[in-house]
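One structure below.
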Protein chains: 2
Amino acid sequence: MAVTIKDVAKKANVSISTVSRVINDSKPVSDEIKHRVLKVIEETGYTPNPVARSLVMKKSQLIGVVVPSISNFFIGEVLNGIEEIGKMYNYDILLCNTYGELNQELRYLNLLKSKQVEGIIFMTWELKEEHKEFFNKEDIPIVMINRDTSEFNITSVSIDHQKAAYEMTKYLIDKGHKKIALIRGRIENYVFGIDQYKGYAKAMEENNLEIDQRLIKNCEFKLELAYEAVQEMIEDDILPTAIFATADSMAFGAINSLIDSGYKVPEDVSVVGFHDIKLASIYRPKLTTIRQPLYDIGAVSIRAIVKKIKGEEIEENIFVLPHELIERDSCKSIK
Amino acid sequence: MAVTIKDVAKKANVSISTVSRVINDSKPVSDEIKHRVLKVIEETGYTPNPVARSLVMKKSQLIGVVVPSISNFFIGEVLNGIEEIGKMYNYDILLCNTYGELNQELRYLNLLKSKQVEGIIFMTWELKEEHKEFFNKEDIPIVMINRDTSEFNITSVSIDHQKAAYEMTKYLIDKGHKKIALIRGRIENYVFGIDQYKGYAKAMEENNLEIDQRLIKNCEFKLELAYEAVQEMIEDDILPTAIFATADSMAFGAINSLIDSGYKVPEDVSVVGFHDIKLASIYRPKLTTIRQPLYDIGAVSIRAIVKKIKGEEIEENIFVLPHELIERDSCKSIK
DNA sequence: TTGTACGCGTTATCAC
DNA sequence: GTGATAACGCGTACAA
């Protein structure tokens, strides 16, 4: 049986209140007694029971994190940040994996609430009305990662997708490309597909380049769909000189599609991605892409949660972190 | 303020014990009252406070999972299994990320204990004396993943590395390869490097093939080291016809090394891996490798933990799961 | 079948 | 500066 505060009190010949005071140094205790208690704690190896503490403090020191997949590099890296910084603030992470299924998400959200978590960091592929309903109903601190929450009152953290897409498109244009395909994820449900398209379109228009709608493909972030999308371009004989995929996975789908059809990257077609997953620097050719500060996204998220828990006002509701264009070998100049 | 069991009792005109009985159906309750209580619970949206429950039951319904990295496909996939099956048994996962640092690992192990977790699933790159000490001292259920625990009394789950290595080597030999390099991870600290070597050696010897020690490299599972190891082979002019890396990441290091030096895979050199990470089927050429049932490893681990928690005897202490040789495009026959 | 009362390990509010 | 004691929300002997 674990040693409790009572045991310590008895052994040190003091009251439990005194023991409580020295472990929390909530109130002054005479040096002599303090040392005596400390010694007993040392001897017995006593550690306060966090469950009992939670009960009276009404605090669990738990933060719920719900993600659509754990075995995903993007999410894993974000989790690293959440976990590490969370521990710094003495918070533990309760992990929930939803596979992106709405039912699971809703179930976990409610589960976490009943587990008395003090805050929730939420990631999903699709933000829906049902989510918003939950967030509005509960007054528990929430932070969303990489979702567009500008239309409603939820804190979010992400990069500036429009700017990033603009920069990447501009980069391709500067390399002499005029026919540039855009392979993107979903555009509905508050994802950043629209922003990315805007950035792409802005760069194209600024340079008087025509946007060929046949080269704009929605592939739901799936490698296979990107593969097929490029196959279609090949069949339709409208293969561009450059392909901009808004996720590295889709970029690899595109590259594989090209390779499998006998094309060379970047000699025949340039391909660039978005995310800079690990694979991006392992694959040959190494992928030119946009790097997001994944670890920092996690870190900023949990910091925002902690601030909210403490009741501190946070300066901004939408955190925008810096990105970076990583130039590697999958894009060539055709000027 | 959240609604408590007391509120429900009052509103339903019964005692709290009765309410407790209906939510746990621990003892018979008359149908009429049961329905009345259920209705009140429904109306008020009452959910039992798990913290209070934990306190009295001395159970947290929490399982600690400590891993050396989250942003790792292997681990992520195992976590999926742990998480999903855990939830099935009504257990939550407390996630700890150690970066493989001993201090962090020990700290988290103790932290988890004080958090009253009911069991711990432990993954580490290196199993050390300090770990074993902890495990021996505490009587909390422990399961280790992919570590060789045959020498001491800790439950573990993994595949049969020796057999898998044997099969893969045999596969290469059957393809006509005679000079086969082995790029492996660490061999000390109860990792499976030794078993893999044994499997490799057995296959070589059975076929009267000489083992060239210059072709056995320890690369600590690191892509970069494997890259260099192959560079060395090239410089020393001892390039074999096949390379067996005991981790896909190292296989990719080897392949990149080859490609960057002008060799073709598998035309000039065949390369096979171990793990079947996602990348293995994305990379070109697609990698021939050994697939481990990652999800199942997680699932079996947590099932073992749950059994231990319940005090049920588990049949075996070392769980060995089946593996599979996945034949793809990175190996060619040279017969 | 139902209700009363106690205890789980802590913190916080009082007195002293 | 220190010590009783009442909460916190729940499960469960025990009594009725």
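Side chains included, hydrogens not; waters and symmetry mates left out as well; all remaining heavy atoms used.
- In this structure, B:F152 has its ring center no closer than 6.0 Å to that of B:F135.
- What separates NZ of A:K59 from C1' of D:dG9 is a distance of 19 Å, to the nearest Å.
- Residue-to-nucleotide proximity on DNA chain C shows that, of B:M57 and B:N13, the 5′-proximal contact is made by B:N13.
- Annotation: cation-pi geometry not satisfied between B:K113 and B:F134 (NZ/CZ under 6.0 angstrom from ring centroid, within 45° of ring axis).
- Each of C:dT10, D:dG3, C:dT2 was ranked by its minimum atom distance to the side chain of A:I5; first place goes to C:dT10.
- No donor-acceptor distance shorter than 3.5 angstrom exists from the side chain of B:E77 to the backbone of B:L294, with no hydrogens or angles considered.
- Atom CG in B:L55 sits roughly 18 Å away from atom P in C:dC6 (whole-Å rounding).
- For A:K6, taking side-chain heavy atoms from C-beta onward, the closest of the listed nucleotides C:dT11, D:dT2, C:dC8 is C:dC8.
- Under the 4.0 Å criterion applied to side-chain N and carboxylate O atoms, B:E42 and B:K39 are not assigned as salt-bridge partners.
- For A:S54 and C:dT10, the shortest distance from a side-chain N or O to OP1 or OP2 is not below 4.0 Å.
- Across all strands, B:P48 comes closer than 4.0 Å only to sugar-phosphate atoms, never to a base (heavy-atom distances).
- Rounded to whole angstrom, the span from the NZ atom of B:K58 across to the C1' atom of D:dT12 amounts to 14 Å.
- For the pair B:N24 CG and D:dC10 P, the interatomic distance rounds to 10 Å; values are reported in whole Å.
- When the P atom of D:dG1 is taken as reference, atom NZ of A:K34 falls 10 Å away, rounded to whole Å.
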N/O to N/O distances under 3.5 Å, protein versus nucleotides 13-16 of chain C:
none

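- We find that CD1 of A:I23 is positioned 8 Å from C1' of C:dT10, with the value rounded to whole Å.
- Counting non-hydrogen atoms under 4.0 angstrom, B:V51 reaches nothing in the nucleic acid.
- Closest to the B:V14 side chain, of the nucleotides C:dT11, C:dG3, D:dG9, is C:dG3.
- The side chain of B:R53 places an N or O atom within less than 4.0 Å of a non-bridging phosphate oxygen (OP1 or OP2) of D:dG11.
- One N or O on the side chain of A:T98 and one on the backbone of A:V67 form a donor-acceptor pair closer than 3.5 Å.
- For the 3.5 Å distance criterion, the side chains of A:S54 and A:Q116 fail to qualify, holding no donor opposite an acceptor.
- Environment of CD in B:E312: crowded, with over 12 heavy atoms of neighbouring residues, nucleotides or ligands closer than 6.0 Å.
- At the heavy-atom level, B:V56 lies under 4.0 Å from base atoms of the strands shown.
- Look at CG on B:N49: it is 6 Å from C1' on D:dG9, rounded to the nearest Å.
- Formation of a donor-acceptor pair under 3.5 Å by the A:R36 side chain with backbone atoms of A:A12 is found in this model.
- Across all strands, B:S20 comes closer than 4.0 Å to base atoms (heavy-atom distances).
- Between A:S15 and the phosphate of D:dG3, there is a side-chain N or O to OP1/OP2 separation shorter than 4.0 Å.
- Between B:I16 atom CD1 and D:dG9 atom P the separation is 12 Å, expressed in whole Å.
- When heavy atoms are screened at a 4.0 angstrom cut-off, A:I33 is found touching the sugar-phosphate backbone but no base atom.
- For B:T18, the side-chain atoms get nearest to C:dG3 when compared with the rest of C:dG3, D:dT2, D:dC10.
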